[in-house]
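Take a look at the structure set out below.
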Amino acid sequence: MESFLVKLILFLSLFQISVSGRRLEEAEQFQFLKYHKGSLLSGKISVNLIWYGKFKPSQKAIVSDFITSLSHSPAKTGQPSVATWWKTTESYYRLAGGRKNPFPSLSLSLGRQILDESCSLGKSLSEKQILELAYRGDQHNAVNVVLTSADVAVQGFCMSKCGSHGSALGRPVKGRRSSKFAYIWVGNSETQCPGQCAWPFHAPVYGPQNPPLVAPNNDVGLDGVVINLASLLAGTATNPFGDGYFQGPKTAPLEAASACPGVYGKGAYPGYAGNLLVDSETGGSFNAHGANGRKFLLPALYDPTTSGCSTLV
């Protein structure tokens, strides 16, 4: 019995199972994110992609198109759009500064792409080595995203996390004071744990065994990467240095996306992602249009103005 409970808890953690079926009072108690009076990510920020290991050009395009889509005009991509999804984060900025002193806004753009196909640090990485890779990107007005390929193991990957975000003090630059920069790591779970980190595009290891959805870009691993990257990017924007919006302990906080576990569309419940759009040509399930004709599945974001999870569909 104890073993079953441990597995169930692991399932709930890694699959981010929905709590939307709870009564409103219970959901608010669980999901409410407190503002800790600290920093939010603001200004013009470049998102640099650090590719560790071998990725196909088509895989790199999926992620770079997602980043581009964050600021792409919805008129060019169609609705619902990635940019519309991202606008939910703006409510955090309005609340943080108040009406008289609005918090500076955030503008994200695709920055540099750095390649390490030879895996110079090996194929089994510690958290310290992830930070070392993050330092390869710009450390001023930037978020550095480390993406590890399917054959690279990372400390804690598939056991307790599918990715993570953090911050570090940038290295000194002549004529400029050192400042903190934010970084993200996401692993490609295609071969190591797709049932944990690429759900709902792969059957789960535990829990309800509903048929997996078709990945919108025909790549279970990379479409899973986009889901996790989107979640971590929202957390980075609203809690970049551990003193922004979150609930619970700093070491394992609930943030903008993780406060809405397992919810992708209306009607979501444990093991069911919700009512989604389906591409008539590919059969892929999605909820957001992006740049270059892309379609993505993105997690619901907690909207502090409504005390509920906001979905695109």
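Note that the structure is predicted; figures quoted are calculated from it, not measured.
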Please tell me whether [X] and [Y] have a donor and an acceptor in their side chains that are separated by less than 3.5 angstrom.
X      : Y      : result
Glu255 : His165 : yes
Asn217 : Arg294 : yes
Asn275 : Tyr272 : yes
Asn48  : Gln113 : no
Glu90  : Ser105 : no

Do you know the tightest heavy-atom contact between [X] and [Y]?
X      : Y      : value
Thr311 : Val263 : CG2-CG1, 3.7 Å
Ser91  : Thr305 : CB-CG2, 3.7 Å
Asp223 : Pro216 : OD1-CG, 3.4 Å
Leu125 : Gln129 : CA-OE1, 3.2 Å
Leu40  : Gly244 : CD2-CA, 4.4 Å
Arg112 : Arg136 : NH1-O, 3.9 Å

Take Tyr302 and Ser307 through the test side chain to side chain contact (heavy atoms under 4.5 Å, CB included) and record every step on the way to the result. CA-CA 7 Å; Tyr302 176 74; Ser307 297; 3.7 Å; yes
Distance in Å, [X] [atom1] paired with [Y] [atom2], rounded so as to fall on 0.5 Å steps:
X      : Y      : atom1 : atom2 : result
Ser71  : Leu110 : OG    : CG    : 9.0 Å
Asp219 : Lys56  : CG    : NZ    : 7.0 Å
Lys54  : Ser118 : NZ    : OG    : 9.5 Å
Leu298 : Ser231 : CG    : OG    : 10.5 Å
Leu41  : Phe181 : CG    : CZ    : 12.5 Å
Asn228 : Ile184 : CG    : CD1   : 11.0 Å

For atom CG of Asn218, decide whether the heavy atoms of other residues, nucleotides or ligands shown that lie under 6.0 angstrom number more than 12. no
Can you tell which of Trp51, Tyr52, Trp185 makes a side-chain hydrogen bond (donor to acceptor under 3.5 Å, both in side chains) with Thr148? Trp185
Where do Phe246 and His36 land on the ring-ring contact (aromatic ring centres under 6.0 Å, His included) test, with the steps shown first? CA-CA 8 Å; Phe246 68 92; His36 295 264; 3.9 Å; yes
Look at the side-chain heavy atoms of Ile, Leu, Val, Met, Phe, Trp and Tyr, link any pair under 4.5 Å apart, and say whether [X] and [Y] land in one connected group.
X      : Y      : result
Val226 : Leu147 : yes
Leu33  : Leu95  : yes
Ile67  : Trp85  : yes
Leu121 : Ile114 : yes
Leu233 : Val146 : no

Tell me if a side-chain donor or acceptor on [X] pairs with a main-chain N or O of [Y] at a distance below 3.5 Å.
X      : Y      : value
Asn188 : Ser149 : no
Ser69  : Ala291 : yes
Asn287 : Val313 : no
Ser64  : Lys60  : yes
Tyr92  : Tyr245 : no
Gln192 : Val152 : yes

Please list, chain by chain and in numerical order, all residues satisfying side-chain hydrogen bond (donor to acceptor under 3.5 Å, both in side chains) with Glu117, sequence neighbours excluded. none
Can you label the angle between the His289 ring and the Phe286 ring as parallel, tilted or perpendicular, going by 30° and 60°? perpendicular
Specify whether Phe66 and Phe296 have parallel, tilted or perpendicular ring planes, treating 30° as the upper limit for parallel and 60° as the lower limit for perpendicular. perpendicular
State whether the SG distance for the cysteine pair Cys162/Cys193 is less than 2.5 Å. no
Check SG atoms, Cys260 and Cys309, less than 2.5 Å apart: yes
Look at [X] together with [Y] and state whether they make a salt bridge at an N to O cut-off of under 4.0 Å.
X      : Y      : answer
Lys123 : Asp151 : yes
Lys250 : Asp243 : no
Lys295 : Glu281 : no

Can you name the residues that form a salt bridge (Lys or Arg N to Asp or Glu O under 4.0 Å) with Lys180, not counting sequence neighbours? none
Please evaluate residues Leu229 and Ile227 with respect to the criterion side chain to side chain contact (heavy atoms under 4.5 Å, CB included), reporting the C-alpha separation (whole Å), side-chain torsions for both, the decisive distance (0.1 Å), and the verdict. CA-CA 6 Å; Leu229 175 56; Ile227 289 175; over 6 Å; no
Derivation and outcome, side chain to side chain contact (heavy atoms under 4.5 Å, CB included), residues Gln196 and Ser189: CA-CA 8 Å; Gln196 295 173 354; Ser189 65; over 6 Å; no
Please report the C-alpha distance between Tyr183 and Tyr135 in whole Å, then the side-chain angles of each, then the deciding distance to 0.1 Å, and finally whether the ring-ring contact (aromatic ring centres under 6.0 Å, His included) criterion is met. CA-CA 9 Å; Tyr183 68 91; Tyr135 268 113; 8.1 Å; no
Might you work through the side chain to side chain contact (heavy atoms under 4.5 Å, CB included) test for Ile50 and Asp116, ending with a clear yes or no? CA-CA 8 Å; Ile50 301 166; Asp116 187 345; 5.9 Å; no
